[in-house]
Every structure is written in C-alpha cells, then in structure tokens.
Amino acid sequence: MSGGYRRTTVSEMELVAAIEALRSLPIGARIELHSDSQYLIYGMRGFVLKWERDGWRNRRGSQIQHRQLWTELILLNSKREVRWLWLKGHNGHRDQTRADSLAYQAARAMWFRERAAA
C-alpha cells in the first residue's frame, strides 16, 4: 500500500500512512505499528493525550498541526490494540527500506504526472 497527496509534508504523510494501515485492519486487532517517524510514534505514545487535554495546543500555546489526523488516529487506536514502536530510519531494516522505496516511487510518479499535465 502506498500513495501520496499534492502539497503535503512528510509529517502529514506519516500520519496518513498510519491511518490507512489501521483502517485496513479489523476492529479488535492486536498489532505492532513500526515507524521511523518520532512525530508519529511519540505522539501516539503519550503526546496526544496531553494535546487533547490542553485544547490541542503545544507547550508554547500554539495549535497542534494536523489535529484532524491525530483525532482519527486516536479513534482508530481505541478500537485496536496497537503497540507503537519507533524504528531507526535508514538502518537497513528490510521493511523500513521497502516503505521508503514505496514512498519514493509514489512521490516520483506524482511528480511525473504533474509534469505531463503541465
């Protein structure tokens, strides 16, 4: 599974990838979700609870970006038993290398489609 959106950020796509992965699994599933995104993993391990409690503001008082995505992740997480595990990126891990390759291919294909349409 891979894909992408125009005019987005890596952080946003990390959240979307986790959402799509969780959506593809049945309610009640027990899973380990591995990601090299500290934003995603540490966000889901505890920051979301603090952000939610603090009105979706960070410690500096600024609005948390991607609130809608975080809210959806909280809902999906609550219906599955998820262990959020951080994986060091670019360390030769087979699945992480495959994920990077799929992301690169999707981004490159989108770039070519936009260029051809111009």
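Between Leu73 and Val48 the shortest side-chain heavy-atom distance does not fall below 4.5 Å. In this structure the side chain of Ile31 reaches within 4.5 angstrom of the side chain of Leu22, judged on heavy atoms. In this structure the side chain of Val82 never reaches within 4.5 angstrom of the side chain of Glu32, judged on heavy atoms. Here the side chains of Arg80 and Arg30 are not in contact, with every heavy-atom distance at 4.5 Å or above. With contacts defined as side-chain heavy-atom distances shorter than 4.5 Å, the pair Ile74/Leu49 does not qualify. The shortest distance between side-chain heavy atoms of Ile64 and Arg57 does not fall below 4.5 Å.
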Exercise for review: Evaluate the side-chain contact (heavy atoms from CB on, under 4.5 Å) criterion for residues Ile19 and Leu76: first the C-alpha distance (whole Å), next the side-chain angles of each, then the deciding distance (0.1 Å), finally the verdict.
Suggested key: CA-CA 7 Å; Ile19 287 168; Leu76 291 164; 3.8 Å; yes
**Study point:** Candidate pair Trp56 and Thr71, rule side-chain contact (heavy atoms from CB on, under 4.5 Å), full reasoning
**Key:** CA-CA 10 Å; Trp56 291 99; Thr71 302; 3.8 Å; yes
**Study point:** Verdict with reasoning, Leu33 to Leu40, per side-chain contact (heavy atoms from CB on, under 4.5 Å)
**Key:** CA-CA 10 Å; Leu33 193 147; Leu40 169 66; 4.1 Å; yes
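Note that the CZ atom of Arg59 and the CZ atom of Phe47 stand 7.5 Å from one another [nearest 0.5 Å]. Note that the CZ atom of Arg67 and the CD atom of Glu72 stand 14.0 Å from one another [nearest 0.5 Å]. Going from atom CD of Gln65 over to atom CG of Leu15 covers 10.0 Å, rounded to the nearest 0.5 Å.
Although no hydrogens or angles enter the test, the distance criterion places a donor-acceptor pair under 3.5 Å between the side chain of Asn58 and the main chain of Arg60.
In the hydrophobic cluster analysis, where Ile, Leu, Val, Met, Phe, Trp and Tyr join through side-chain heavy atoms closer than 4.5 angstrom, Met13 is grouped together with Leu69.
Gln68 and His66 share no side-chain donor-acceptor pair at under 3.5 Å.
Residue-environment remark: CZ (Arg23) exceeds the threshold of 12 foreign heavy atoms within 6.0 Å.
Tyr39 and Trp70 have their aromatic ring centers within a separation under 6.0 angstrom.
When all heavy atoms are compared, the tightest approach of Met44 to Asn77 is CE-CB, 3.7 Å.
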